[in-house]
Amino acid sequence: MYTVTNPATGELVDEIPNAADAEVRVAIDQVHRGYAAWRARPVAERAAIVLRAAELFAERADELAAIMTLEMGKRINEGRGEVGVVADIFRYYGERGPDLLADEPLTLRGGEAVLTKEPIGALLGVMPWNFPCYQVARFVAPNLVLGNTILLKHASICPRSAVAIESVLRDAGVPADAYVNVFASSRQVPWMLADPRLAGVSLTGSEQAGISVAAEAGRNLKKCVLELGGSDPLIVLDTDDLDETVKITATARMRNGGQSCNAPKRIIVLGELYEEFADRFAKRVTEYYVPGDPADPSTTLPPLASTSAADEVAGQIETAIREGATLRAGGRRVPGPGAYVEATVLTDVTPEMAAYHEEIFGPVALLFCASSEAEAIELANDTPFGLGASVFATDRARAARVARGIEAGMVYVNKSGGSEADLPFGGIKRSGMGRELGALGIEEFMNKKPIRL
Ligand code: NDP
């Protein structure tokens, strides 16, 4: 069942039954049949449609933001911001796509070839609820320009986002058989992946979902891209404005109610700065992040996306404290029907504790003290994940040097996370495989085909 429950109130808003197997087969057939015609369209035509989608996303930002607020509790202003990024991603691929897909002449030792850049077929997208529009955009915009068609299975808590996205694309001119939303259940995904009419899969979500999808993709010899969890480190080497660094760090951690794969979940501060940083960080978190209605633009701390998500995060905090972590701020599940957890700061988290190794997908920051640059790098890398990382320092060259030592898919200097249409995004280790966005993002489901002349 696809179910809309307002996480701010616990109110059940809508229920949509899962698609029957026969409906899913029809949807697969649609995108499979649609592929030949879509790939045959000139790239300029596909790019123009994607550019039109960019305009429509921008025009419908308020409507889409309101849906996300209702379905998964996103703060309304953040929702509008998210749709702005989505429009930018569509604009980027609409504008740059034709150049990125141009033939590349190859000069060989014994002659010449040309590298053509072709689509591979109909793709399945399995998408999560934390950024219902943005996660879809990263996958869909480049692949539509490239000429792949798409079958989209969205998270079962955000069916209205799924429908709204499909109608933007339809109104922009994407044919009904080039992008299809299907209310499939995750249990149907394995046999969908076994269907020869689908050529590949992209999943953003949990490690468990990633393992399952990667196993099925492997069994069926299909390309897969995985964007999974993260426990990103943010290292503060030094700063000439501690309050500003504290503010940037807290904002990055608490963005989207703490439910961002690339939020800085482990904040590592060099020795002499640590105590002062921890005090000010805990104060900022306690004073600024107050639970409220996500539809109210002045709210700073929204609910988590669901009651189960809030219970899980509250349980992780409880376990950490029981195992010996120190609670510096927050820590409690907020009583009431909403899925709220207080903005929380934990210190003294050690490798013996679960919290040291896990991702906490909510408004919870772990603070660590490192006695040297080398120890900070060691701590940063001591995680099963490898999505993003940040390094803060007054000397940018020093920060960039430290960035090279970090095992992650992407590192930011003097800023934290965020997403830019032209900057590749993706992880290593248990954070997944493949890259989205930028020039690399259009290559994942591309047949880079040399024609030897
Ligand atoms: P899931 O990974 O379960 O959901 C993401 C998508 O995957 C949904 O469409 C879901 O469908 C689908 N899915 C789930 N299991 C399978 C499966 N076995 N095979 C195929 N598809 C599957 O996320 P959760 O909601 O359970 O979140 C749990 C954790 O996942 C979070 O705490 C966080 O750690 C991580 N996460 C990371 C995200 C990221 O941005 N990298 C985004 C969301 C979650 P359905 O909704 O129908 O179950």
Side-chain angles (χ1 to χ4, degrees), residues 1-5 7 15-19 24 71-74 82 124-139 151-159 161-162 165 181-194 198 201-217 219 224-232 255-263 265 304-316 339 341 355 357-364 383-388 409 417 419 425-427 429-434 436:
M1 188 72 85
Y2 278 65
T3 307
V4 180
T5 305
E15 287 182 314
I16 301 170
N18 288 334
V24 176
E71 287 185 327
M72 49 68 68
K74 191 179 295 280
E82 176 175 340
L124 175 64
V126 182
M127 292 294 144
W129 42 263
N130 61 339
F131 292 96
C133 294
Y134 161 76
Q135 309 280 23
V136 172
R138 291 194 308 193
F139 169 55
L151 182 60
L152 207 289
K153 181 244 170 292
H154 217 315
S156 52
I157 66 168
C158 44
S161 297
I165 292 165
N181 178 71
V182 65
F183 288 129
S185 80
S186 52
R187 279 197 305 278
Q188 288 166 318
V189 170
W191 66 253
M192 292 167 78
L193 287 174
L198 293 176
V201 58
S202 180
L203 173 129
T204 300
S206 61
E207 263 187 274
Q208 268 325 107
I211 289 166
S212 164
V213 162
E216 292 306 326
R219 210 187 309 285
C224 80
V225 166
L226 301 174
E227 291 289 355
L228 309 178
S231 189
D232 290 5
R255 184 183 298 141
N256 206 35
Q259 303 160 111
S260 306
C261 48
N262 65 334
K265 296 176 183 129
L304 298 197
S306 63
T307 306
S308 58
D311 290 343
E312 168 143 9
V313 168
Q316 286 175 295
V341 174
H357 308 278
E358 287 173 352
E359 175 181 39
I360 303 185
F361 215 58
V364 183
T383 169
F385 299 102
L387 190 55
S419 187
F425 187 108
K429 295 161 78 176
R430 296 186 79 83
S431 292
M433 54 186 81
E436 299 193 285

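Numbers here are sequence positions counted from 1. If you're wondering where the values come from, they're calculated on a predicted model, not measured in any experiment. All ligand and atom numbering here is 1-based and tracks the order in the structure. All values below come from the heavy atoms of this structure, side chains included, with hydrogens, waters and symmetry mates left out.
- Of the heavy atoms in S212, only side-chain atoms (C-beta onward) come closer than 4.0 Å to ligand 1.
- Annotation: atom 10 (C) of ligand 1 to nearest protein heavy atom, K153 NZ, 4.2 Å.
- The residue Q259 has no part lying near ligand 1, judged by heavy-atom distances below 4.0 Å.
- Distance from atom 35 (C) of ligand 1 to its nearest protein heavy atom, with residue and atom name: S206 CA, 3.6 Å.
- Annotation for E358: atom CD counts as buried by contact number, over 12 foreign heavy atoms lying within 6.0 Å.
- Annotation: atom 9 (O) of ligand 1 to nearest protein heavy atom, M127 O, 2.8 Å.
- In terms of protein heavy-atom proximity, atom 7 (O) of ligand 1 is nearest to V126 CG1, 3.5 Å.
- Ligand 1 has at least one atom lying under 4.0 Å from a heavy atom of Q135.
- For atom 39 (C) of ligand 1, the nearest protein heavy atom (residue, atom name, distance) is C261 CB, 3.5 Å.
- Of the listed options F361, Y2, W129, W129 places a heavy atom closest to atom 27 (O) of ligand 1.
- By the 4.0 Å heavy-atom criterion, E207 is excluded from the residues contacting ligand 1.
- Proximity of a side-chain donor or acceptor of K429 to a complementary backbone N or O of G409 within less than 3.5 Å is not detected.
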